[in-house]
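Only heavy atoms go into these numbers, but all of them, side chains included; no hydrogens, no water, no symmetry mates. Here is the naming used below: chain letters follow the sequence lines, and residue numbers restart at 1 for every chain. Since we're looking at a predicted model, the values are computed, not measured.
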Amino acid sequence: MAEHNPFPGENNTGHIWDDNIRELANPPPRWWMIGFWASILFVVVYSILYPTWPIGQQATPGIMGWTQIQEYERGLAQVAAKRGPFEERIQTMTAQEIIADPGLLQYTLASAKVLFGDYCSACHGSGGQGNPGYPVLADDDWLYGGNLAKITETIVNGRKGAMTAHKDILTDAEIDTLARWVVELNEGGEGSPAGWDLYRAKACNACHGETANGVLAELPGGDIVSVGAANLIDGIWRFEPGGYESAAHTIRYGVNQPGIPETRDAVMPAFGSVARVEDVDVRKLSDQDIKKLAIYVHQLGGGR
Amino acid sequence: MNSKSDITSSTVDDLYADAEHWHVNTGGETIHAKRLAGRWRTIKWVAASVWLVYFLGPYVRWDGRQAVLFDIPNRQYHLFGATVLPQDFWMLALLLLFFAIMLAVVTALVGRVWCGFFCFQTVWTDVYTWIEEKLEGTPPQRRKLDQAPLSINKLRIKTVKHLLWILIGFLTGFSFIAWFTDAPALWSDFFSGSANPAAYVTVALFTIGTYVLAGFLREQTCFWLCPYARIQGVMLDKTTIVPTYDAQRGEPRGRVKRGETESSRTLGDCVDCNQCVAVCPTGVDIRHGQQEGCITCALCIDACDQVMDKIGRPRGLIRYASLDELEGLLQKPLLLRPRVWVYSAIMGAALIGILYGLSSLAAIDLKVLHERAPLFVRLSDGSIQNKYTLKILNKMPEELAVRISVTGPDGLTVMGAEEPVLITPGGVTPSVVFVKMPRQSLAAEQMPIMFQVEATRPTGEIVSTTRESVFISPRS
């Protein structure tokens, strides 16, 4: 850098290298500098008002007292205020009344969709389409009845199917006859007389019903009495993949039979049950949630 | 070695010599441009008067309501007879495309016409400086006043000027929000303090923004803030006509010598009177050629023509001309230039799309969403059921009872569409519909089915729309 400026009158900063390379003074516009200093001022003011500077795990609080969690809670309160009136009406109304009210039904379905996703979809699929071993909820084939009361009962108490393992009771030939007969029925056929004879002789009808539709008795009002045995005459298989091998397997090893590793599993947990969480009795799902879910399942496409 | 360093040294000196002439206007000094009457000045005012629509438009009525109203809370946009809902906003994309291409084509053909004649920054600055001239006088008087010590008179003039500027800023902001709410009611609401808080914030921001941008930043906005100034710069080419100084005719420039006859003149036509610089609102010298500071407002053409008239030389030393023209090259006619055709085609397509959209705004809009999980359900009687969610949008101003019907292969039955669906104006109601098909009707894995929604307006007019969907069944 030169001691004196050898380029008098030139608009340079006095920084000169190699005799003739010098830095010219071209300052940014004044309005730009005003903006620059204003931005810095903004940060200072902001950091006084709001939490800004980290101190270990904490931060300077800011004199406005604003926190993220408060903002979050305010948001939650807003949502709760919006939901409140709907939730109150759901509480005081029966499931049938809710279904009859289009606006409230729409809210209920939207709300229950979340619950269904959290508690039901792992087994029954996101749209109630079922999974291998887990029943389809969108059809009209109900093991335990498809009206609102029965659906509610199922959610509250859970279900556990039972079918004897027939590997030691029936001969292989008998199992073969029954499995073929079940396949015929499933495909819409009449079923062989030999199959029907065996079905009755071995008391399968005690659970699967006289007409093999899984119903023991029809009550007035569309209610049914059943033990959860599958309907054998519709086109729907209780256990995937269905067909001869699958049916023979179910007959041979039964459902939920202790001590038989090959047995079919068919257990639904009780969502009305109580669990102790930190010394407080907590139900898995509240009555309100169960009511919403029953409506949701009922409206999936096959509710009775 | 020696000669090499000589070259380097002289190159550096050249660079610094260039820098001497390199004047950068960073706003240190206010530009007080001289106002002259003239042809382009008149055109400029006429162009600027387009902005009266901005101020007066909100008060135009149509069918008992504001003709153009962007009703954000109700998500409805009224354009005279038509009501546009957010669902129709694909048209906005076309509109933006239209204007973007229009900016490109106009700039490519005749330069920065937007900047020079229509841009709000230019127009508002023009009005602000017009007020300044009325109050403070000509540029020399204004500079003198700026330097004068504070006096009662100076304070009075300056106060009136700034108040007027702020008033214009306020009217700008107020007119802006008037497009979004009922304008006549806004006047009383605004001044009784019962308008939406957003209205006050918006007006405040616009007032401050207008005051600062048009009052103080002025040409600095075009130089350093505005992206369009730079974008448009690259759209110019040698065929673009822009205000240009005819250097061949003008140079060498010099004063008219006393007693010299026109025939014995050795200098060019430019008399170096500096009038073109004096009138320039951005303070550039057009004689250096087209540059980013030039907004092509053509005021220098007026100034130069008047000088030429006075000294008896032909007009047009500064004129709208392309570089090709100045270089004596052949100019392609407009219709032979491909970019004119390409741009026009895009603009035409966008315009047709908008017109189609506006003319086909349906009264009800139907979307049919086929349930994906499960795609189909086998029912116990062997039939197949599909689930659909119908989203019906009511674009009418009254509540509609919408009836849903489904047509498709023989034997299909519909569940969930027994009762008409009530839909609020502008509202969307999703309704779930189940369609059941008996086993014998299942001809293919995917069969088209048609949903129709229909409603009767209070006037008795029947509005309806249809949408095709698909019925899915298992592989048989």
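- Here the straight-line distance linking atom OG1 of B:T221 with atom CH2 of A:W31 works out to 7.5 Å at 0.5 Å rounding.
- Within 6.0 Å of CD on A:E190 lie no more than 12 heavy atoms contributed by other residues, nucleotides or ligands.
- Residue-level contacts of residues 116-124 of chain A with chain B do not occur; threshold 4.5 Å between heavy atoms.
- Residue pairs meeting the side chain to side chain donor-acceptor pair (under 3.5 Å) criterion with at least one member in residues 210-219 of chain B, sequence neighbours excluded, are B:N25-B:E219, B:E132-B:R218, B:H162-B:Y211.
- Judged purely by atom type and a 3.5 angstrom limit, B:Y16 uses its side chain to pair as donor or acceptor with the backbone of A:R22.
- Neither the backbone nor the side chain of B:R372 comes within less than 4.5 Å of any heavy atom of chain A.
- Pairing each heavy atom of A:D139 with each of B:R378, the nearest pair is CB-O, 3.4 Å.
- B:E399 CD: more than 12 foreign heavy atoms inside a 6.0 Å radius.
- For A:Y134, the OH atom counts as loosely surrounded, since its 6.0 Å shell holds 12 or fewer non-hydrogen atoms of other residues, nucleotides or ligands.
- The two atoms that bring A:E187 and B:R439 nearest to each other are O-NH1, 4.0 Å, heavy atoms only.
- For the set B:V377, B:D381, B:T429, B:L375, the count of heavy-atom pairs under 4.5 angstrom toward chain A peaks at B:V377.
- When each of A:D141, A:L24, A:N213 is checked for heavy-atom pairs under 4.5 Å with chain B, A:L24 comes out on top.
- Atoms CZ and CD, from B:F376 and A:Q129 in turn, are 11.0 Å apart once rounded to the nearest 0.5 Å.
- Contact count against chain B (heavy-atom pairs under 4.5 Å) is highest for A:A138 among A:S126, A:P27, A:A138.
- For B:F120, the CZ atom counts as loosely surrounded, since its 6.0 Å shell holds 12 or fewer non-hydrogen atoms of other residues, nucleotides or ligands.
- Within 6.0 Å of NZ on B:K161 lie more than 12 heavy atoms contributed by other residues, nucleotides or ligands.
- Applying the side chain to side chain donor-acceptor pair (under 3.5 Å) criterion to B:E398, with sequence neighbours excluded, gives B:R457.
- Of all the heavy atoms in A:G127 and B:E371, the pair that sits closest is CA-OE2, 4.5 Å.
- Side chains of A:D140 and B:Q385 form no contact here, defined as non-hydrogen atoms less than 4.5 Å apart.
- Using a 4.5 Å cut-off between heavy atoms, A:L105 makes no contact with chain B at all.
- When the candidates B:G27, B:S431, B:S380, B:P430 are compared by the number of heavy-atom contacts under 4.5 Å with chain A, B:S380 comes out ahead.
- For A:N26, the part lying near chain B is the side chain, with the backbone staying farther off; criterion is any non-hydrogen pair under 4.5 Å.
- For CZ of A:F239, the number of neighbouring non-hydrogen atoms (other residues, nucleotides, ligands) closer than 6.0 Å is greater than 12.
- Within a 6.0 Å sphere centred on CD of B:E29, heavy atoms belonging to other residues, nucleotides or ligands number 12 at most.
- Interface remark: A:L109 contributes no atoms to any contact with chain B (heavy atom separation under 4.5 Å).
- Of residues 227-234 of chain A, those residues lying under 4.5 Å from chain B by any heavy-atom pair are A:D234.
- Neither the backbone nor the side chain of B:L15 has a heavy atom closer than 4.5 Å to any heavy atom of chain A.
- Contact annotation for B:L422: neither backbone nor side-chain heavy atoms come within less than 4.5 Å of a heavy atom of chain A.
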